[in-house]
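First comes the structure, then the notes that go with it.
Order of appearance sets the numbers: ligands from 1, and atoms from 1 within every ligand. Model, not experiment: these values are computed from the prediction.
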Amino acid sequence: MKIFLDSANLAEIREAVSWGAIDGVTTNPSLVAKEGCRFFPLLKEICETVNGPVSMETISRDAAGMVDEGRAFAKLHPHIVVKCPLTQEGLAATRRLSKEQIRVNVTLCFSPSQALLAAKAGAAYVSPFVGRLDDISADGMGLIRDIKTIYANYAFSTQILVASVRHPLHVVEAARLGADAATMPFAVLQSLVKHPLTEAGLERFLKDWEKLPPEAKAWKSSSAVSDTAAEARGRQRINR
Ligand code: G3P
C-alpha cells in the first residue's frame, strides 16, 4: 500500500521523506491555507521534495474553471495530480482532464455510488473520507470495503486512496482491505512508528549495555577495532 502525507507543510514532508516513509503527498485548500504562503511556489517545492504524486485541489465550482486550473497545475510539475470534488461539475472536469492524460484525484467521496461514478469518469484516484464518516457514526472503512468490491467486479483502474485518516487502525484496516493508498496527517504517520514495548526494550538494552566496563565498550579507537578483529580470527581458528 502506498502511504501519502496529507500536508502542505514542507518541514513535515521533508521529515517523512527522510524516513523513506511516503510515496506522495495530498493537499487540499484548508491545508494550503494553513501554510499562509503563495501556493504555486509552495506546490512546486513540494513536488521537488517528494518523488511521487502530489495532489492539489481546484477551487472553481464549474467544470470549465476546474479544467483551466487543472491544466495550469499539471504544467507546474509532472508529479501533480489534480483534485476535483465529487460533484456533477467535478465529474465533468474529471472526464475532460483524464482524456487529456491529466491525472485526477476525485475527492470528498462518501458513498459507493459516488466512487462508481468517479471510476466511470476516468479518475486516477478516488478519495473516500473515512474519518468524516466515522465522525457521524457511519462506517468509514465499510465504504472502503464496498468500493474495493465494486472496483474489482468491473476491473476499474481507479486507485482507492483512503483519506480523512484519523488513527493507525484506519491505516492498518485500509491495508488489510487492499486499498491502493492511504493519506494521513503527519501526527498519524508518527503514531504508526510508536510502540511502548519498543521504547521499553530500547531502554533496557541500553541500560544493560551501560553495565559493561568502559574498556569493553570502547569501539571508537582503532586499537579496539583491531583487537576485535584479532579476537574474531582467533575464534575462527578455534572453531575449525
Ligand atoms: O485529504 C483529505 C483530508 O485532508 C481530509 O481530512 O481530517 O479534514 O477529514 P479531514
For ligand 1, is any non-hydrogen atom under 4.0 Å from Asn28's backbone (N, CA, C, O), its side chain (CB onward), both, or neither? side chain

Using a strict threshold of under 4.0 Å (side-chain N to carboxylate O), is an ion pair present between Glu45 and Arg14? yes

May I ask you to decide whether Glu210 forms a salt bridge with Lys217, counting only side-chain N to carboxylate O separations under 4.0 Å? yes

Before signing off on this row, confirm whether Arg166 and ligand 1 have an N or O atom pair separated by under 3.5 Å. yes

Using a heavy-atom cut-off of under 4.0 Å, does the side chain or the backbone of Glu57 touch ligand 1, or both, or neither? neither

One thing to verify: whether Arg132 and Asp135 come together as a salt bridge, which I'm taking to mean a side-chain N less than 4.0 angstrom from a carboxylate O. no

Lys83 heavy atoms, cut-off 4.0 Å: which ligand 1 atoms fall inside? 1 (O)

Return yes if some donor-acceptor pair links the side-chain N/O of Lys44 with the main-chain N/O of His77 below 3.5 Å, else return no. no

Heavy-atom nearest neighbour in the protein, as seen from atom 8 (O) of ligand 1, with distance rounded to 0.1 Å: Arg132 NH2, 2.8 Å

Under 3.5 Å, side chain of His79 to main-chain N/O of Cys47, donor-acceptor pair present? yes

Is the side chain of Tyr151 donor-acceptor paired with the backbone N or O of Ala115 at a distance under 3.5 Å, no angle test? yes

For ligand 1, is there an atom lying under 4.0 Å from some heavy atom of Met184? no

Which residue holds the protein heavy atom closest to atom 3 (C) of ligand 1, what is that atom called, and what is the gap in Å? Asp6 OD2, 3.0 Å

For Arg96, is there an ion pair with Glu100 - N to carboxylate O distance below 4.0 angstrom? no

Please write down residue, atom name and distance for the protein heavy atom closest to atom 2 (C) of ligand 1. Phe129 CZ, 3.3 Å

Specify the protein heavy atom at minimum distance from atom 6 (O) of ligand 1: its residue, its atom name, and the distance to 0.1 Å. Ser164 CA, 3.4 Å

